[in-house]
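First up is the structure itself, then whatever we jot down about it.
All ligand and atom numbering here is 1-based and tracks the order in the structure.
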Amino acid sequence: MRVIITENYDKLSEKAAQIISSQVTLKPDSILGLATGSTPIGTYKYLIEGYQKNLLDFSSVTTFNLDEYCTLSNSHPQSFSYFMFTNLFDHINIKKGNVHIPSGISEDVNKECTEYDRAIENMGGIDLQLLGVGHNGHIGFNEPDDEFIAPTHVVDLTQKTIDANSRFFDSPDDVPKQAVTMGMKSIMFAKKILFIAIGEEKAEIVSKMINGKITPKVPASILQLHPDITVVLDKDSASKL
Ligand code: GLP
């Protein structure tokens, strides 16, 4: 595990975007695993800037997002689909047909999950997976549990996650109670992982993720087993290492 500690959020975003840019430059048909949440927004801004300066070409890139809320359509302003288009895809030359985000409103959600994993496998797996982390250690929406769950699946969100994500909704009651998330298999089979975290409130979980016991109670701790992971932190999130 490589750990890079940056001065602040802007430097973290720049560094994370450099790593993704290198991936896309070296392998223009890269399969990228992408994340939502507030942390990657700065990274996406730098990627857009790279594209606008003609330094980056996303025309052959394929993406798979980690997760989506159940019950929200992809045009719902709080859906992760909407987030990805407004914060990245609408501003770069990615082909919309190469964008994959699990549907939260699929009529047959189990079929949707199986097909999502199959689509990732058919592409040869993810080349570079970007990950943030929830305060309780969730990656994607793999919540603390008694076991690590391998396939893409439907998850009941914990109250902690609902509370944390209520900042994006008008009221906590509006936060969906379930989500579809990529499981640990696709994440751990990614050839490279880029993990980012910011702020003092993530310091405890970052320390557990890097130095703690590997346990499904701290889902991100499984990343200690990944052979090629780069962790980019700001000074605050690294303060308990
Ligand atoms: C969300 C996403 C995660 C993300 C996490 C942290 O719930 N499912 O992929 O890493 O929350 O979000 P933030 O970056 O806003 O702290």
Please list the nearest protein heavy atom to [atom] with its residue and the distance rounded to 0.1 Å.
atom                    : result
atom 3 (C) of ligand 1  : G140 O, 3.5 Å
atom 12 (O) of ligand 1 : G37 CA, 3.7 Å
atom 8 (N) of ligand 1  : D67 OD2, 2.8 Å
atom 11 (O) of ligand 1 : H138 NE2, 3.5 Å

Worksheet item: Is any N or O atom of V133, backbone or side chain, closer than 3.5 Å to an N or O atom of ligand 1?
Response: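 Yes; at least one N/O pair falls below 3.5 Å.
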Atoms in ligand 1 with a heavy atom of [X] nearer than 4.0 Å:
X    : value
K202 : 13 (P), 16 (O)
G132 : 10 (O)
T36  : 4 (C)
N165 : 1 (C), 7 (O)
T39  : 13 (P), 14 (O), 16 (O)

If you measure from the Lys or Arg side-chain nitrogens to the Asp or Glu carboxylate oxygens, is any gap between [X] and [Y] under 4.0 Å?
X    : Y    : value
K217 : D145 : no
K202 : D236 : no
K45  : E49  : no

Scan side-chain atoms only and decide if [X] and [Y] contain a donor-acceptor pair under the 3.5 Å cut-off.
X    : Y    : result
D10  : Y46  : yes
S79  : S81  : no
T158 : T161 : yes
Q23  : S30  : yes
Y69  : N165 : yes

Worksheet item: Heavy atom of H135 under 4.0 Å from ligand 1?
Response: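 No; H135 lies far enough from ligand 1 that no heavy-atom distance drops under 4.0 Å.
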Worksheet item: Taking the non-hydrogen atoms of R167, is any one of them nearer than 4.0 angstrom to ligand 1?
Response: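 A heavy atom of R167 does come that close to ligand 1.
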Item to complete: Report whether M182 and V180 are members of the same hydrophobic cluster (ILVMFWY, side-chain heavy atoms less than 4.5 Å apart, transitive linking).
Response: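 They do not share one cluster, since no chain of ILVMFWY contacts under 4.5 Å joins M182 to V180.
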Worksheet item: Which bit of A35 gets closer than 4.0 Å to ligand 1, counting heavy atoms only: side chain, backbone, both or neither?
Response: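 Under 4.0 Å from ligand 1, A35 contributes no heavy atoms.
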